[in-house]
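Structure first, commentary second.
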Amino acid sequence: MQQTTSDLQLFERLRQGESQALDALFRQYYADCCRSAERILRDPAAAEDVVQELFLNLWKKRNTLPQIDEPRAYLLRSARNRSLNWLRDRSKMPQTDGELPDIPTAANQPTSQLELNELQARVDAAIDSLPERCRLVYVLCRLEEMPRDEVAQKLGISVKTVENQMTRAYKFLRQYLSVALLLTPTIWP
Amino acid sequence: MINHQRADIDKLAQHYRTNYEPCVDDGLTKLHARMAHVDIAKPKKARPAIFQLAAALALIVAALAVWKFAFAEDPNLLYAEAETRQVTLEDGSQILLNHHTSIQLDENFNDTERRVKIDGEAFFQVASDPLRPFIIDNGKSVVRVVGTAFNLSQDEKGFIVEVSEGLVELHHGTDFIELGPKQCGMVQNDRLSSMDAPHLNRHAWRTGQIVFEDTAFGKVLADLSSAYRVKWNMQLSPNHGCTNLGFTARFNDDPIEEVIVAIERHYGLDITPVSGQENRYSITGSCR
């Protein structure tokens with residue numbers, strides 16, 4: 001999504017205590033923030049709570065907010081960090097690499113016509129099958145575009161482990177999604 | 001792995017969990033409710049227009065006869081024994097305590113907030129004061145209001161709040177729900193839930209009015225239990241078939257005995273007092 005001057009203006013107005021500016025930012029970015037948080041937490045209610053806290057905090061701290069150049073990136077980063085803190089505070093951060101499961105045969109049942117929602121379900125199932133640490137590493141690095149050293153620090157692992165988990169994730173996903181990958185170009189341009 | 005394979009996987013993965021659609025309007029409503037408290041807690045900061053709204057929504061307390069009340073040794077402890085008791089607090093709020101209920105006011109009550117603890121059941125008419133939220137706290141769950149009227153009962157299982165006017169927030173842990181007029185919220189077994197309460201039957205101990213409209217058997221018993229403070233010994237036959245059988249009636253200050261006769265007739269059950277135990281009835285038979 002394109003950064004707009006109006007976002008910056010909204011942040012500026014928020015700093016001046018205008019609650020309508022907060023509403024406008026909320027309307028624009030609440031859904032995106034929730035989706036990011038939900039990818040990490042896999043719990044819509046928890047994700048929404050985290051993002052509520054994030055916006056409530058913007059309001060509480062409006063007088064002392066730093067200068068923000070990219071409101072969208074700032075909000076998404078906050079949503080991610082708050083989600084990871086949520087896991088940490090509830091001792092839900094994975095402590096081991098975990099085992100990769102066997103790939104269910106149904107996952108690779110070749111279907112001549114894979115519907116869009118079926119494909120979507122396969123993608124969800126594939127990524128959700130990854131052991132939690134591996135899943136978080138992949139989601140954070142690839143989908144949330146978080147730098148690897150930051151991922152390592154947040155998950156309390158080394159950058160080397162992050163690399164290893166990425167390799168592991170790709171290998172598993174390639175197998176799990178082999179049929180989907182074959183059909184992708186015809187469904188998702 | 002070849003790079004373009006990774007890129008293809010990443011492309012697929014972009015659709016991970018995108019079925020989830022958060023509701024922005026609900027979220028914004030929730031945020032506004034929470035923002036109100038932020039500012040209430042810090043009265044020195046500039047307050048947005050939402051406060052005037054909250055104040056406008058707040059209830060003008062009905063003029064009710066104020067009973068002269070002799071405080072016990074602890075001036076912050078309010079209680080009712082065998083009879084219900086009406087109390088007016090220093091902030092103008094009025095509380096009608098159901099019998100065998102005690103309410104402990106916080107020692108700094110009406111300072112920056114109005115915090116109380118309750119054991120039992122009471123009807124609250126909270127005087128509007130946006131700067132000092134009225135908070136009922138049982139340690140785990142919290143009810144927060146600015147000015148409104150509601151019935152609240154608290155037992156070992158948790159809170160039950162039924163709102164007659166205004167808005168009430170029921171918090172439990174990090175979760176909360178907002179209740180409007182004719183809604184009932186509860187915390188039972190660590191879970192927050194809410195339901196519609198079109199007839200405000202939980203206020204019946206005070207109003208004498210109890211209305212059932214095709215109400216399910218279990219709900220009928222629960223409402224009567226709360227209104228008349230009676231308990232039920234359920235000794236129904238297996239496959240009694242009562243569960244989904246609705247009951248429609250309107251009672252107005254009727255003695256429990258009459259209500260029980262009406263229920264016996266409608267459901268074809270036997271309901272008899274348990275000897276030696278006050279306010280306890282045993283229910284036997286089957287609805288078939």
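Chain identifiers are assigned alphabetically (A, B, ...) following the order of the sequence lines, protein sequences preceding nucleic acid strands; residue numbering begins at 1 within each chain.
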Check [X] against [Y] and note the closest heavy-atom contact, atom names and distance.
X       : Y        : value
B:Ala13 : A:Tyr138 : CB-OH, 3.2 Å
A:Ala31 : B:Pro22  : CA-CG, 3.6 Å
B:Tyr20 : A:Ala47  : OH-CB, 4.4 Å
B:Leu12 : A:Val123 : O-CG1, 3.6 Å
A:Tyr30 : B:Cys23  : CE2-O, 3.6 Å

B:Asp25 bridged to A:Arg27 by N-O distance under 4.0 Å: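 Yes, B:Asp25 and A:Arg27 are salt-bridged.
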Salt bridge A:Glu48-B:Lys30, side-chain N to carboxylate O under 4.0 Å: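 A salt bridge is absent here (no side-chain N lies under 4.0 Å from a carboxylate O).
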Spacing of B:Tyr16 atom OH and A:Arg142 atom CZ [to the nearest 0.5 Å]: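 Nearest 0.5 Å value for the OH-CZ distance: 16.0 Å.
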Straight-line distance of A:Asp49 CG to B:Asp175 CG, nearest 0.5 Å: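 If I round to the nearest 0.5 Å, the distance is 6.0 Å.
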Tell me, do [X] and [Y] make a side-chain contact under 4.5 Å, heavy atoms counted?
X       : Y       : answer
B:Leu31 : A:Trp59 : no
B:Thr18 : A:Arg39 : yes
A:Gln52 : B:Leu28 : no
B:Met35 : A:Leu22 : yes

Modelled atom types, side-chain donor and acceptor of A:Asp23 and B:His32, under 3.5 Å: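 Looking only at side-chain atoms, B:His32 and A:Asp23 do form a donor-acceptor pair, the distance falling under 3.5 Å.
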A:Arg35, A:Arg42, A:Gln120 screened by side chain to side chain contact (heavy atoms under 4.5 Å, CB included) with B:Arg17, the one that passes: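 Single side chain to side chain contact (heavy atoms under 4.5 Å, CB included) partner of B:Arg17 among A:Arg35, A:Arg42, A:Gln120: A:Arg42.
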Answer yes or no: are there more than 12 heavy-atom neighbours, outside [X] itself, under 6.0 Å from its atom [atom1]?
X        : atom1 : value
B:Glu107 : CD    : no
B:Lys219 : NZ    : yes
A:Glu99  : CD    : no
A:Asp102 : CG    : no
A:Arg90  : CZ    : yes

A:Glu53 versus chain B, the contacting section by heavy-atom distance below 4.5 Å: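 Contact with chain B involves both backbone and side-chain atoms of A:Glu53.
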Portion of A:Val51 that has a non-hydrogen atom of chain B nearer than 4.5 angstrom: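 Looking at A:Val51, nothing touches chain B.
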Interface residues of residues 144-164 of chain A facing chain B - non-hydrogen atoms under 4.5 Å apart: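 The list, in residue order, is empty: none.
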